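What follows is a set of notes on a single structure, which appears directly below.
Quick caveat, the model's predicted, so the values are computed rather than measured. Computed over heavy atoms, backbone and side chain alike; hydrogens, waters and symmetry mates excluded.
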Amino acid sequence: MKTQPAHPRPQFQRPTWRSLDGEWQFAHDDLAHWQQPMDVIFDQIITVPYAPESVLSGLHDGSFHPVAWYTRQLSVAPHERAGRVLIHFGAVDYAARVWAGGRLVGQHEGGHTPFTVDITEALGKDGTVDLVVRAEDDPHELARPRGKQDWRAEPHLIWYPRTTGIWQSVWLESVPQTRLEALRWTPWLDRWELGLDVGVAGPLTPGLRVRVRLSVDGRLLADDTYTLTTRDLSRRIAIPDPGIDDARNDLLWSPEHPQLIQATLELLNGERVVDQVQSYTALRSVGNDGQRFLLNGHAYTPKMVLDQGYWPQGLMTATDEELRRDVELTKRLGFNGARKHQKVENPRWLYWCDVLGLLVWEEMPSPYRFTPEGVERLTREWMEVIRRDISHPCIVAWVPFNESWGVPDLPSNPVHRDYVRALYHLTKTLDPSRLVIGNDGWEHVATDLLGIHDYAHDPAVLTRRYGTLEALARVLTQPFGRRLLLDDFSAEGKPAILSEFGGVAYSLEAERGWGYHRVGDSAAFVELYEGLLAAVHDCEALAGFCYTQLTDTFQEKNGLLTETREPKADLARLARATRGPRHAWDIDIDPDPHPLGYAERWCERGVWAAPGRPEAAE
């Protein structure tokens, strides 16, 4: 029996789904000549969900193509047509229109966020239907969120190959007429409660109830039932508080102890189960005390790595195994967190960060030009990003802007500064439980953490700039490059994070490539890494760091790993440098003696106990 791939939406799982990834018919439409599916001449085959620019798509065509068309015929079995038939798209870059059976069934704008169309009414009597997707992505449009996608014909400097069209999974789901539609978890550790928000779609009938069961390692924590009076349900679920820290720590999520709470939600009509969804959540809190980052109420040092999220054959698209492997390698390199840079990553990567234990800064891919339309685009898509990922316990910070990209005139234009402030406060409004970095790197006008980018390659320079609070104060008032604070924005109460540094280039191959500083061999590479990390660990003014970067990425050769994920030096030695000495303020947690042990125990359970692994039930 052919097994299903990992579930594309790990925190909202039904068993009634199947992947539509694989071969689709495909056509480029460079002049945007075709407007309706019946006009299109499909002359190529593409492997979804790989973008046509990638090798694994089967096309490997990096030329400028602003419009692409996809089609495939679906055959929906009778048992799949009992309720509604939905088609989910993980991400289509940038604007998509979808037809089923010749009728337009949905459209979406935003290249990094999911959307869903209902094809029930378009199905033929035999359950077959032709599905067609038109994706429009102008490669020269710089006022759309695009992250690291190059606008030139060939990648240059820090910009990478473009991604057009479908680049995350497409999947069919059979759902009841009345069903659970939305789910949000919010941990409130101060009161040992979990916030639960549920949305219901379809016809409402009197007496509908929602049942929620929470458990850890087979031990029941809560079994509550709530009567629905509207489509939206909002409740707080009290978790039994053990009282003493040793017992409390067993229930708390951290990179050293990534304890997840299994959740089953049922929509009930009387005693009949109308719909059932499997999910998970965790108990943890995030904050700062004015000088240090706080995790679960204790000072904690984020030791992060910059992660671009590209693969040489798949570009922005990776298999579940590749996503897991990156998280495993990040931990084995000694890091406890990752800053996913200029990319909204596949939810499966967030799942593995949840399961394996990795802090995440989630960052919005930037546009480069500032226009009123661009403001609307980014704001709308950023809200969708937060809605998609808000329940993942691994995410500890949101980053709407990076290095003033999209707001290039921050120092001189008050409109740009108001925009950053607006996104900062909007993000805090949508999610008051996490930290927000308004504009990471420099030119801060609204932030909870002072993200600083500094690529000095002399460890002594980093020590001189950040070794003491007095030294940091001098840097803040007399910066060495871009201004760090604007409009008399106060740094008081904002812990400083060296959120980009390093960038040491060393290539195992003949070509030189690019980096912020170059060394010639592995010995020099690891020695400089050890020196930089030792200096950062000794800097009293820094609450954490993020090293650039995890892997080589095309012409950038400044990774700790190659593009194919091979370490450039002894992995254990790199990990010792990353971890550094234990600070007095670091949280006192005994790490699992097998750092990936929690994941193994989680994944060995059955389908309903192992989010993302439905094949376990086969």
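- Donor-acceptor pairing under 3.5 Å is recorded for the side chains of Asp431 and Trp398.
- Residues Gln313 and Glu322 form no side-chain contact, since every pair of their non-hydrogen atoms from C-beta on lies 4.5 Å or further apart.
- The shortest distance between side-chain heavy atoms of Leu228 and Leu233 falls below 4.5 Å.
- At least one donor-acceptor pair closer than 3.5 Å links the side chain of Asp21 to the backbone N or O of Val170.
- Within 6.0 Å of NE2 on His140 lie more than 12 heavy atoms contributed by other residues, nucleotides or ligands.
- Taking the six-membered ring where tryptophan is involved, the planes of Trp69 and Trp99 are essentially parallel, since the angle between them stays under 30° and well short of 60°.
- A distance of 5.0 Å separates CG of Leu56 from OH of Tyr50, quoted to the nearest 0.5 Å.
- Rounding to the nearest 0.5 Å places SG of Cys394 at 8.5 Å from CG of Leu359.
- Two rings, from His88 and Trp171, have their centers less than 6.0 Å apart.
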Practice task
Output, in order, the C-alpha distance, side-chain angles, deciding distance and verdict of side chain to side chain contact (heavy atoms under 4.5 Å, CB included) for Asn558 and Thr548.
Solution key: CA-CA 7 Å; Asn558 51 10; Thr548 302; 4.0 Å; yes
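- Classified by interplanar angle (parallel below 30°, tilted 30° to 60°, perpendicular above 60°), the ring pair Trp405/His341 is tilted.
- Between Phe554 and Trp159, the distance from one ring center to the other does not fall under 6.0 angstrom.
- Judged purely by distance below 3.5 Å, without hydrogens or angles, the side chains of Gln308 and Gln342 never pair a donor atom with an acceptor atom.
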Practice task
Please report the C-alpha distance between Arg18 and Glu80 in whole Å, then the side-chain angles of each, then the deciding distance to 0.1 Å, and finally whether the salt bridge (Lys or Arg N to Asp or Glu O under 4.0 Å) criterion is met.
Solution key: CA-CA 10 Å; Arg18 60 184 169 98; Glu80 294 178 312; 2.8 Å; yes
Handout entry: Stepwise salt bridge (Lys or Arg N to Asp or Glu O under 4.0 Å) test for Glu121 and Arg84
Key = CA-CA 9 Å; Glu121 309 302 335; Arg84 309 299 298 181; 3.0 Å; yes
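- Of all heavy-atom pairs between Leu104 and Val98, the closest is CD1-O, 3.3 Å.
- Counting heavy atoms of neighbouring residues, nucleotides and ligands inside a 6.0 Å radius, atom CD of Gln73 exceeds 12 of them.
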Practice task
Tell me, with the steps shown, if Asp440 and His453 meet side-chain hydrogen bond (donor to acceptor under 3.5 Å, both in side chains).
Solution key: CA-CA 8 Å; Asp440 190 53; His453 296 180; 2.7 Å; yes
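- His392 has its side chain out of reach of Cys353: every pair of non-hydrogen atoms, C-beta onward, lies at least 4.5 Å apart.
- A donor atom on one side chain and an acceptor atom on the other are found under 3.5 Å apart for Asp197 and Ser234.
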Exercise for the section: Please lay out, stage by stage, how Trp514 and Lys557 fare under the test side chain to side chain contact (heavy atoms under 4.5 Å, CB included). Expected result: CA-CA 6 Å; Trp514 184 88; Lys557 302 301 179 183; over 6 Å; no
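- Using a cutoff of 4.0 Å between basic side-chain nitrogens and carboxylate oxygens, Lys343 and Glu363 are not scored as salt-bridged.
- No hydrogens or angles considered: nothing links the side chains of Trp311 and Thr551 as a donor-acceptor pair under 3.5 Å.
- Figure legend: Lys340 and Trp349 shown as a cation-pi pair, the cationic atom lying under 6.0 angstrom from the six-membered ring centre and within 45 degrees of its axis.
- Residues Phe89 and Pro114 have side chains not in contact (no heavy-atom distance under 4.5 Å, counting atoms from C-beta outward).
- More than 12 non-hydrogen atoms from other residues, nucleotides or ligands lie less than 6.0 angstrom from CG of Leu157.
- Side-chain contact of Gln44 with Asp61: a donor-acceptor pair under 3.5 Å is absent, judged by distance alone.
- Side-chain N/O atoms of Glu384 and His108 include a donor and acceptor closer than 3.5 Å.
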Practice task
Could you go through the side-chain hydrogen bond (donor to acceptor under 3.5 Å, both in side chains) check for Thr427 and Trp382 one step at a time?
Solution key: CA-CA 9 Å; Thr427 306; Trp382 181 235; 2.8 Å; yes
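- For CD of Gln177, the number of neighbouring non-hydrogen atoms (other residues, nucleotides, ligands) closer than 6.0 Å is greater than 12.
- Interatomic distance, His7 NE2 to Ser169 OG, rounded to the nearest 0.5 Å: 11.0 Å.
- At least one side-chain heavy atom of Arg162 sits less than 4.5 Å from a side-chain heavy atom of Phe64.
- Between Glu373 and Arg144, the closest side-chain pair of non-hydrogen atoms is not below 4.5 Å.
- For Asn402 and Arg339, the side-chain atoms include at least one donor-acceptor pair closer than 3.5 Å.
- Looking only at side-chain heavy atoms (C-beta outward), Gln262 and Thr281 stay at 4.5 Å or farther from each other.
- A donor-acceptor contact closer than 3.5 angstrom is absent between the side chains of Thr164 and Asp93.
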Exercise for the section: Could you walk me through whether His156 and Trp151 pass ring pair (Phe, Tyr, Trp, His ring centres under 6.0 Å), step by step? Expected result: CA-CA 10 Å; His156 75 292; Trp151 60 96; 5.3 Å; yes
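- Here His416 and Phe370 bring their ring centres to under 6.0 angstrom of each other.
- Separation of the Phe42 and Tyr70 ring centroids does not fall under the 6.0 Å cut-off.
- Judged by the 6.0 Å and 45° rule, Arg348 forms a cation-pi pair with Tyr351.
- Rounding to the nearest 0.5 Å gives a distance of 15.0 Å between OG1 of Thr163 and OH of Tyr94.
- Two residues are said to be in side-chain contact when any heavy atoms from C-beta on lie closer than 4.5 Å; Val198 and Leu180 meet this criterion.
- The closest side-chain donor-acceptor pair between Arg134 and Gln36, if any, does not fall under 3.5 angstrom.
- A distance of 12.5 Å separates CG in Asn269 from CG in Asp275, rounded to the nearest 0.5 Å.
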Practice task
Check step by step if side-chain hydrogen bond (donor to acceptor under 3.5 Å, both in side chains) holds for Thr120 and Asp118.
Solution key: CA-CA 6 Å; Thr120 309; Asp118 187 331; 2.6 Å; yes
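- In this structure, CG on Asp354 lies 6.0 Å from CD on Gln11, to the nearest 0.5 angstrom.
- Using modelled atom types, one finds no donor on one side chain facing an acceptor on the other under 3.5 Å when comparing Asp150 with Tyr160.
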Practice task
Show the numbers, then the answer: is there a salt bridge (Lys or Arg N to Asp or Glu O under 4.0 Å) between Arg380 and Glu109?
Solution key: CA-CA 9 Å; Arg380 180 175 57 249; Glu109 182 178 304; 2.7 Å; yes
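- With Trp352 as the aromatic partner, Arg324 meets the cation-pi criteria of under 6.0 angstrom to the ring centre and within 45 degrees of the ring axis.
- For the residue pair Thr264 and Gln278, a side-chain donor N or O sits within less than 3.5 Å of a side-chain acceptor on the partner.
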Exercise for the section: Would you check, one step at a time, whether the test side chain to side chain contact (heavy atoms under 4.5 Å, CB included) holds for Val129 with Ile119? Expected result: CA-CA 9 Å; Val129 68; Ile119 66 168; 4.1 Å; yes
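- In summary, the side chains of His60 and Glu53 do not present any donor paired with an acceptor at a separation below 3.5 Å, with no hydrogens or angles considered.
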Exercise for the section: Take Ile46 and Ile166, measure what side chain to side chain contact (heavy atoms under 4.5 Å, CB included) needs, and give me the verdict at the end. Expected result: CA-CA 10 Å; Ile46 190 170; Ile166 298 172; over 6 Å; no
